[in-house]
Amino acid sequence: MKTTIHQLSAFAGQEVTLSGWVYHSRHSGKVAFIVLRDGTGLCQCVIEKGKIQDDLFDQLVRLGQESSLSLSGIVRVEPRSPGGHELAVTAASIVCPTQDYPITPKEHGVEFLMKNRHLHLRSQRPWCIGRIRHTVIDAIRRFFNDNGFTLVDTPIFTAAAGEGEQTLFSVDYFGKPMFLSQTGQLYLECAAMSFGKVYCFGPTFRAEKSKTRRHLTEFWMVEPEVAYIDLPGLLELAENFVSSVVKRVLKDNRPELETLGADIAMLEKIEPPFHRLTYTDAADILTSSRTVQFMAEQLEQFKSQKAALEKQLADIETADKAGGLKQWQKDKNARLQIELRAELDELNIKIENNPKHAQLASEFKWGKDLGGSDETIISLMHDKPVFVTHYPREAKAFYMKTDRDNPKVVQNFDLLASQGFGEIIGGSVREDDLQYLLKRIEEEGYNPQSYEWYLDLRKHGSVPHGGFGLGVERTVAWITNERHIRQCIAFPRMMDNVCI
RNA sequence: UCCCCGAUAGCUCAAUAGGUAGAGCGAGCGGCUGUUAACCGCUAGGUCGUAGGUUCGAGCCCUACUCGGGGAGCCA
């Protein structure tokens, strides 16, 4: 009976065949353990000498990591196996033996793993993240489809910029310059006037020269756009949406979250309402003594962690020098030292960045856009996601609706994910008044003729409307507690590094 | 565009004040009936990123370049 590891619990006591790849293997004389990976999970398979032919046993024992094979045997409950069941092997057929698989069950550097991304995808971490990404995307579609939204696929080739002077990738379109889309928003606004509630979902492209853990040049974004909605309505939509996505992941991918070491307690707190701050509130917080103290406390915490690590390292060294250690103790210490040094490196980066970020915050002036470090500070101070609303008009795109009560600000919002992750959503109410919009286009120095069709929307039955964009990789990184979003897409495109 | 850090064995990292290059993992061979990144013994594996320079002597100091990492700006 052919089955998959995921369904093994239904076959306890029965004979089944699993097909997959060797994830780990170890053997001790007459018994061998192959941890088999089949794309649905991991299962320990036990091969006892005498239960199968001797030459087959020898071949199985010699199989390298990631060799492909099928194993048949009796399923039995075994808590020591990764999935809770193991296979007592009675027959095996080797499909393709492997030698010198480059990714060993040890730590590897970023560069090495990226160059081996085609193989690295098979490892546990990328696999868990990939599964969660799948759930996130399914939950996104589910949420909008279940809430009366119509999917509209907006074009990827676009003639004009969506927002301001952002850098776009240009392509040669039969001799004419065209650009890769960085948002479907302007098109969505048209569609919202037809369907009422719409969304688009696809890859988006930014030629920003950003080399940080939060940036890719190609990433996936979902953008809802709704007719007859105001800012409070948008915030409510966004918090319900994000909460439903997190809930789905908690429901469908708990084992993956556990394997990844995600902060499940934090995720369980994600439900409406989220915190709401205005930009002015945020600016006040950043320049307050509270932030000075917060940053100082954080620095102290980092420093004491660093001191503890250094002491641990020094202790190991003195123990080594003192001699008299057994070989296995020395080996263990060597391993520990490497781990501790890596932790120390991370801490040193944090210690180096902290004063810079504290200074940026203290020098914050009303009118500037919130920087990445500013967002980090605000979100670190909250255990739930935070909406920041009403940014200065000058710092934002022309299409955002000027607040009629305070024309210095626009009716927009960013959603900062909790625990220092930073922005995952940016959105706004759109300017629906033709005169206001024309004025903004003029202020930005754009040519109104390029926006003729967009302006038409304000002439023919204009209504209050708005929407937002959510970055899929950033959301996945936040949920999975993965520090870099390049791990949250199968084949990442980064500013100056496209490996595969 | 700007700032900081790094490059030593296949991989991850050491090398105390310039003085003959080390460990773990991986690979190969052998041992072990229950292992969980198993364990034990042995073996192989390096023109220290590239090019110059200082020095009796450079992995270590200086200059330039290449590649990588983190961050600022900008953003999802």
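Order of the sequence lines sets the chain letters (A, B, ...), proteins ahead of strands, with each chain counted from 1. Computed from a predicted model, the values in this text were never measured in an experiment.
When the C1' atom is compared between B:C5 and B:C25, the two are found 26 Å apart, to the nearest whole Å. B:C13 and B:C3: their P atoms are spaced 26 Å apart (whole Å). With C1' as the reference atom, B:A14 and B:U54 are 27 Å apart, rounded to whole Å. Taking atom P on both nucleotides, B:G45 is separated from B:G10 by 12 Å, rounded to a whole Å. B:G49 and B:C74: their P atoms are spaced 37 Å apart (whole Å). Nucleotides B:G57 and B:G18 are separated by 8 Å at their C1' atoms, to the nearest Å. As rounded to the nearest Å, B:U16 and B:A21 have C1' atoms that lie 14 Å from one another. Going from the C1' atom of B:A9 to that of B:G24 covers 12 Å, rounded to whole Å.
In this model, no side-chain donor or acceptor of A:Q99 finds a partner on the base of B:G28 within 3.5 Å. Between the side chain of A:S210 and the base of B:C74 there is at least one donor-acceptor pair of N/O atoms closer than 3.5 Å. Side-chain atoms of A:H215 come within donor-acceptor range of the base of B:C75, with a qualifying N/O pair under 3.5 Å.
Between B:G34 and A:S28, a contact under 4.0 Å exists linking OP1 or OP2 to a side-chain N or O. At the phosphate of B:G70, neither OP1 nor OP2 sits under 4.0 Å from any side-chain N or O atom of A:R213. Neither OP1 nor OP2 of B:A76 sits under 4.0 Å from any side-chain N or O of A:R474. Checking the phosphate oxygens (OP1, OP2) of B:G34, no side-chain nitrogen or oxygen of A:R76 falls inside 4.0 Å. Contact annotation: A:H484 reaches the phosphate of B:G70 (side-chain N/O to OP1 or OP2, under 4.0 Å).
Cation-pi geometry between A:K396 and A:Y391 is met: under 6.0 angstrom from the ring centre, within 45 degrees of the axis.
A:K368 meets the salt bridge (charged side-chain N to carboxylate O under 4.0 Å, His left out) test with no other residue; sequence neighbours excluded.
For the salt bridge (Lys or Arg N to Asp or Glu O under 4.0 Å) with A:E482, the qualifying choice from A:R125, A:R133, A:R474, A:R213 is A:R125, the only one to do so.
Base-pairing analysis of RNA chain B finds the following stems of at least three consecutive Watson-Crick or G-U pairs, with both pairing distances under 3.5 Å: B:1-7 with B:66-72, B:10-13 with B:22-25, B:27-31 with B:39-43, B:49-53 with B:61-65.
Between A:H465 and A:E225, the closest side-chain pair of non-hydrogen atoms falls below 4.5 Å.
The aromatic ring centroids of A:F169 and A:F205 lie 6.0 Å or more from each other. Two rings, from A:F144 and A:F241, have their centers less than 6.0 Å apart.
Nucleic acid contact class of A:D369 (heavy atoms, under 4.0 Å, all strands): sugar-phosphate only. Here A:S373 lies in heavy-atom contact (under 4.0 Å) with sugar-phosphate atoms only.
Atom CG of A:N412 and atom P of B:A76 are 10 Å apart (whole Å).
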